[in-house]
There are 2 protein chains.
Amino acid sequence: MQTFAEPASPWHVAGRRLWLNEVGPRDGFQVEPVFVPTADKIALIDALSALGFAKIEATAFVSPKAVPALADAAEVMRGIRRAPGVVYAALVPNARGAEAAIAAGADELNLVMSASETHNLANLRMTREQSFAQFGAVVALARAAGRAVNVSLSCSFGCPMEGEVAAAEVLGWVERFTGELGVTRVALCDTTGMAFPPQVEALVGAVLTRWPGLELTLHFHDTRGLGLANLLAAAGAGATRFDMALGGLGGCPYAPGATGNVCSEDVVHALALMGYDTGIDLEGLIAASRRLPALIGRETPGQVAKAGRRLDLHAPPAGPEAVRARRP
Amino acid sequence: MQTFAEPASPWHVAGRRLWLNEVGPRDGFQVEPVFVPTADKIALIDALSALGFAKIEATAFVSPKAVPALADAAEVMRGIRRAPGVVYAALVPNARGAEAAIAAGADELNLVMSASETHNLANLRMTREQSFAQFGAVVALARAAGRAVNVSLSCSFGCPMEGEVAAAEVLGWVERFTGELGVTRVALCDTTGMAFPPQVEALVGAVLTRWPGLELTLHFHDTRGLGLANLLAAAGAGATRFDMALGGLGGCPYAPGATGNVCSEDVVHALALMGYDTGIDLEGLIAASRRLPALIGRETPGQVAKAGRRLDLHAPPAGPEAVRARRP
C-alpha cells in the first residue's frame, strides 16, 4: 500500500472523525412504489444498527395516504432493536406525528421545512411562516418527553422552482431555529441536487462560524453527480455529520431517473480511502446494500455494491474466450 | 448568483483552463452490444466537434472480430467533418492498425498497454515487454506520416487482478515511453475504477514534477463513484487534460452494472460550477447526450442529461395531486 503524507492536501485527512447518518429506511423507502414488508424493514434497520452509524432515520410519522410506503411507522419504530449509542430518528410533519413518534419511542424528531417559499407551498402546502409556527408545538412535545429535535431545511442550496436561495435566507432560518425554538440540531438539505462545492464550502463555513456549537448535518443528493464533492467540500469547511442512504436510495421528484441520496457504502468507501475515520463497517454495509434489490424490486444506483471495494480482486480469465469477454 | 472568493479553496479555481477529450465514440461504443450505424456515429462525432473538445477519440482500428461494434473504423474516420483545432484520435493495437488509422486520416494514434503484467497478459495476450516492443514500429509509422502518438497506460492506479500497482512502476513506464520511444503524450488510465484522490494527487504530482513538458492526460472511470473526485484531485496536482465519455458511456469488465467513464456533461457541469474554464458548450453537450439512448438502446448513467443543469427550473405543481407526485 502506498502512503501519502502531504499535509496540505484536501484529499487526505488523516484520521479525522466524521459521524454518518443512514436515512435510507425513511428518505429512500418513502419514494419506492412497493411496500417493503414491516419485518424486512425491521431486519434491515437492525442490520444497520450494528455497522457504526451515529443515527438511523428509521421512518416517518406522516399520513399513510400521502406516504403509503411508511404506513407501518409505529410498528417499525417499536419493532427494531436499539443499539447503544445510535440515535433512532423519525420524520414528523406536525404535532400529531410527533405524538405518535414519541409514543413509539423515537429518540429524535426530524422536522422539515424549506428555505424556499415556493417549494414549501408546493410540497407542504403551507407558507414557511406556517411551517415554522407548527414547529413550536413539536419542540414543546419533544422537550416534555425528553426527545431531541432536528430541523431539516430543504432547498438550502437552491430551489428547483425559484432558483438560487440566498445564503442570508438560510442563515436567517438557522437563527430562528436556534434562537426562537432553542433547537441545537439543524440539517441543511439539498434534496434536489443543486448544491455545488464552493457554495457548500462558503455556507457551511458561515454557519459554523456563527454557531460553533450547532450539531450541523449536511444532507446531499447525487442528482447531478456532485454529491461526494459537496460532502468533501462541507467536511473541508468543518462539517462532521452527514446523511446518506444505503444503495443511493431516494430520489428527486424533479429529475425522473436521477439518483437519490449520496450512497452510504460509496461514501464510506471513498472517505476511508481519503483517511477519514467514519467508524463504519464497510463490508457489513455492502452486504446490507446488496439485499436491497430483493426488497424494492429494482437495482440501486450505488456503485461499490456492484463493483466491490477497490482491492476486492478478480481471478485472471481462464482462456481466450474469457479474455474476449473482459476486453478493456 | 452568489460569489465565492476564498483564494485557498480547492473547490473554486477561478478561470483555470482545462482541456477535455471526448472518448465515448471509442471507449463507449466498443462495449455496447449493439452496432451503432456508421452514419449515426459520424453524425454524433460531427455534433461533438462543435462543442469545444480538445480531442475526440473517434474509433479503434482493431480486429472487427474482437470488437464488432467498431468494425466501421475507416468509414467513420473518413466520414467525419474535421473541426479546426480538434485532434481526431484512434486507438490502434499494432502496426497494422496504425497503417489503417493513418490511411483513414487519424491525427493521433492511441496505443494501449497495462502497467500490470497480469492485466496485460489477460487483456492483450502479451507481456508488457512484448507490447512495448510493438510500440516502436507504430511510433515510426506515425512519425513518417506526421501523426501524433499517445500512449495510454492502463491500471496506472491498480489492477483488478494484482491489486496495488506501485507508483514506481508507472513512473518507470512513462520514462520508457518518453525516453526510448520519444513519446510526448501519455495518458494514465483507471479503466477499472481503482484510483482514489490522494493516490491520484501523489502520482500526478510525481509525473509532472519529473516531466513538466509532458502532455499528460488522466483517464478516469466512475466505477466506484470516485471519478469526479479523482479528476479534481488530478487537476489540483496540475493536470490539465482529461478523457471523458458522453452520458458516462463505457464500462468495466470486472464490474457488471457499474458505470463507465466519467460522464462528459456531468464533469463539464461540475467544473463550470467550480470556476474552471473548459471551453465546452454544455447545452450542446447535454443535447448530444440525450440522443444516446436512442442510439444504443439503453439509458446511460449520466445525471445531468436527466436532471438538467442546476438552474434549469421547473414550474410549481398545479394542484394537490401534482404536489403529491412531487413529494420531497
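Both backbone and side-chain heavy atoms feed into the values below; hydrogens, waters and symmetry mates do not.
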Least distance between heavy atoms, [X] atom then [Y] atom:
X        : Y        : result
B/His12  : A/Pro198 : CB-CB, 3.9 Å
A/Arg310 : B/Phe157 : NH2-O, 3.0 Å
B/Leu228 : A/Gly225 : CD2-O, 3.7 Å
A/Glu201 : B/Pro10  : OE2-CD, 3.9 Å

Gap between atom CH2 of B/Trp11 and atom CD of A/Gln199 - 0.5 Å precision: 13.5 Å

From B/Leu226 atom CG to A/Met274 atom CE, the distance as rounded to the nearest 0.5 Å: 5.5 Å

Just give me the residue among B/Glu299, B/Lys306, B/Met194 that pairs up with chain A most often, heavy atom to heavy atom, under 4.5 Å. B/Met194

Looking at B/Ala270, B/Ala233, B/Gly163, which one has more heavy-atom pairs under 4.5 Å with chain A than the rest? B/Ala233

Chain B interface, residue from A/Gly308, A/Ala307, A/Ala237, A/Gly248 that has the most non-hydrogen pairs under 4.5 Å: A/Ala307

Could you tell me which of A/Thr223, A/Asp222, A/Thr192, A/Asp266 has the largest number of non-hydrogen atom pairs under 4.5 Å with chain B? A/Thr223

Using non-hydrogen atoms and a 4.5 Å limit, figure out which bit of A/Glu162 sits close to chain B: side chain, backbone, both or neither. backbone

Chain B contact via A/Cys159 - which portion, at a heavy-atom distance below 4.5 Å: backbone

Within the distance-only criterion (no hydrogens, no angle test), does the side chain of A/Gln303 pair as donor or acceptor with the backbone N or O of B/Thr259 below 3.5 angstrom? yes

Taking 4.0 angstrom as the limit, do A/Glu265 and B/Arg224 come out as a salt bridge? no

Does the pair A/Glu164 and B/Leu311 meet the rule for a side-chain contact (heavy atoms from CB on, under 4.5 Å), with working shown? CA-CA 8 Å; A/Glu164 297 292 1; B/Leu311 289 178; 3.5 Å; yes

